There are 2 protein chains.
Amino acid sequence: MTLRHAVLAALLDEERSGYQLAKAFDMGVANFWYAKPQQLYAELTRLEQGGLVSGREVVQAGRPNKRLFTVTDTGLAELEEFTAAAAKPSVLRDDLMVKVQAADSVDTDHLIARLTERIGFARTKAELFEHLLRTMRGDRSEEDFLLHGRPIGPYLTCLRGLAFERGNLDWGERAIAVLRARQDRPKTRDAEGDDR
Amino acid sequence: MTLRHAVLAALLDEERSGYQLAKAFDMGVANFWYAKPQQLYAELTRLEQGGLVSGREVVQAGRPNKRLFTVTDTGLAELEEFTAAAAKPSVLRDDLMVKVQAADSVDTDHLIARLTERIGFARTKAELFEHLLRTMRGDRSEEDFLLHGRPIGPYLTCLRGLAFERGNLDWGERAIAVLRARQDRPKTRDAEGDDR
DNA sequence: TATGACTACTCACTTTCTTGAGTATCATGG
DNA sequence: CCATGATACTCAAGAAAGTGAGTAGTCATA
């Protein structure tokens with residue numbers, strides 16, 4: 001039930017509409033969580049019913065009206081409580097890992113294709129994060145921003161996101177190099193005969 | 001529906017019982033996926049019904065009998081197909097990120113406590129992975145293993161797991177340092193009054 | 001003038017994940 | 001001799017997450 005808290009956290013520094021949230025959570029700009037629009041609208045409804053956020057209708061000319069949501073004091077209290085409780089250890093849960101785990105039994109070219117995809121994706125995201133970080137800190141240095149800038153939460157999660165994507169990148173390149181090298185020289189020494 | 005494939009991948013290099021799988025997936029030794037015992041038993045049943053794995057009863061003295069599962073050719077084909085399809089971009093989905101995202105509105109000491117927990121956890125896992133890697137490669141060097149050793153899949157995923165945990169570690173320490181420094185000097189310069 | 005793209009959102013449904021409880025046997029230690 | 005813990009699983013229920021399809025108006029492009 002963390003989507004709930006992720007939404008609260010996303011509304012903290014600015015009131016937003018469901019649609020805006022949807023954009024952010026879908027594009028992965030919200031580097032700390034991911035969700036589909038439908039989930040967000042549903043969650044916002046629940047949060048509003050529970051009094052954790054409050055929405056106000058904004059009438060717009062030339063486009064549909066929208067509802068902007070803000071976190072209430074109850075919502076803040078909920079977040080506080082959530083933070084006070086132990087976080088569950090994060091686990092990597094990743095399609096690509098499963099595929100690589102099966103590397104010995106599966107077509108190497110396919111695998112390299114998947115890794116290449118991932119590298120491209122990681123590179124794009126890394127650039128996006130770098131851009132976001134620059135935007136957040138404006139003209140000051142990173143050290144300066146980390147000490148005095150605001151909001152610091154999004155900056156820190158963005159840093160993690162960036163490191164994560166760089167990790168994807170490095171690992172992906174390494175894995176491809178390894179798989180290629182093994183492809184060129186399929187069997188040597190101890191790898192003779194069998195496998196499965 | 002990737003648990004399905006994760007189970008197949010885990011059965012590749014050795015036949016295993018549901019119980020063994022459960023241990024591995026629960027402890028996070030299976031660094032590429034995570035699942036509860038009940039899920040695994042359920043999944044194994046489904047896989048067997050679909051003919052993707054086959055189980056054989058092993059009668060044991062002094063303890064309950066168990067069923068060991070192997071991947072069938074159909075199962076291998078399924079994995080192959082799975083690998084051929086594009087992987088969905090992995091996303092960080094992590095309680096702790098949500099908490100840090102809310103850093104500006106939430107108690108800093110709580111947050112530091114959560115980060116400290118995570119660091120401890122990451123350190124343990126990193127050591128576990130290092131140990132696993134050493135065990136897998138035996139007395140040879142990493143380069144040597146990467147080129148000639150087997151199975152290579154688990155080694156590669158383990159490398160990713162290790163890098164990931166090191167990333168957690170570094171980031172966690174950085175974040176704590178930042179939060180502490182800001183706590184000591186809560187408002188300076190540009191941070192007065194307003195924010196963002 | 002219709003085609004697609006963007007804003008803004010809703011409904012209904014399915015799959016997946018998580019939780020809690022329960023069964024049964026054997027080995028170990030106090 | 002009784003408690004604890006490991007092995008080896010099953011059943012049932014619920015919460016969370018994900019999917020597909022649909023509505024409806026506006027705007028720019030072709």
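For clarity, every value in this text was computed on a predicted model and none was experimentally measured. Reminder, nothing fancy here: chain letters follow the sequence lines and each chain counts from 1.
Going from atom CZ of A:Arg63 over to atom C1' of C:dC9 covers 15 Å, rounded to whole Å. Distance, A:Asp26 CG to C:dC6 C1': 14 Å, rounded to whole Å. One atom, NZ of B:Lys23, and another, P of D:dA8, lie 10 Å apart when rounded to the nearest Å. Atom pair A:Phe25:CZ and D:dA16:C1' shows a separation of 15 Å (rounding to whole Å applied). In this structure, B:Arg16 atom CZ and D:dA8 atom C1' are separated by 16 Å, rounded to whole Å. Across the protein-nucleic acid pair, B:Leu68 atom CG and D:dT7 atom P stand 14 Å apart, rounded to whole Å. Here D:dA8 presents its C1' atom at 13 Å from CG of B:Leu44, a figure rounded to the nearest Å. The nearest whole Å value for the distance from the CD atom in B:Glu43 to the C1' atom in D:dT10 is 16 Å.
Each of C:dT10, C:dA8, D:dA8 was ranked by its minimum atom distance to the side chain of A:Pro64; first place goes to C:dA8. Which of D:dA17, D:dC9, C:dC17 sits closest to the side chain of A:Trp33 comes down to D:dA17. For B:Tyr19, taking side-chain heavy atoms from C-beta onward, the closest of the listed nucleotides C:dA8, D:dC9, D:dC11 is D:dC9. Proximity note for B:Arg93 (side chain, C-beta onward) versus D:dT7, D:dA17, C:dT7: the nearest is D:dA17. Closest contact between the side chain of B:Lys66 and the listed nucleotides D:dC9, D:dA17, C:dT7 involves D:dC9. Which of C:dA8, D:dA21, D:dT10 sits closest to the side chain of B:Gln38 comes down to D:dT10.
Listed pair B:Lys36 / C:dT16 fails the phosphate criterion, with no side-chain N or O lying under 4.0 Å from OP1 or OP2. Between A:Gln39 and D:dA17 there is no side-chain polar atom (N or O) within less than 4.0 angstrom of OP1 or OP2. Between B:Tyr41 and D:dT10 there is no side-chain N or O to OP1 or OP2 distance below 4.0 Å.
For A:Arg174, the CZ atom counts as loosely surrounded, since its 6.0 Å shell holds 12 or fewer non-hydrogen atoms of other residues, nucleotides or ligands. Residue A:Glu143 places its CD atom among 12 or fewer non-hydrogen atoms of other residues, nucleotides or ligands, all under 6.0 Å distant.
A continuous path of ILVMFWY side-chain contacts below 4.5 Å connects B:Met136 to B:Leu159, so both sit in one hydrophobic cluster.
Mapped onto DNA chain C by nearest heavy atom, A:Lys88 and B:Thr2 fall at different nucleotides, with B:Thr2 at the one closer to the 5' end.
With 3.5 Å as the limit, one finds no donor-acceptor pair spanning the side chains of B:Arg93 and A:Tyr34. Judged purely by distance below 3.5 Å, without hydrogens or angles, the side chains of A:Gln183 and A:Thr108 never pair a donor atom with an acceptor atom.
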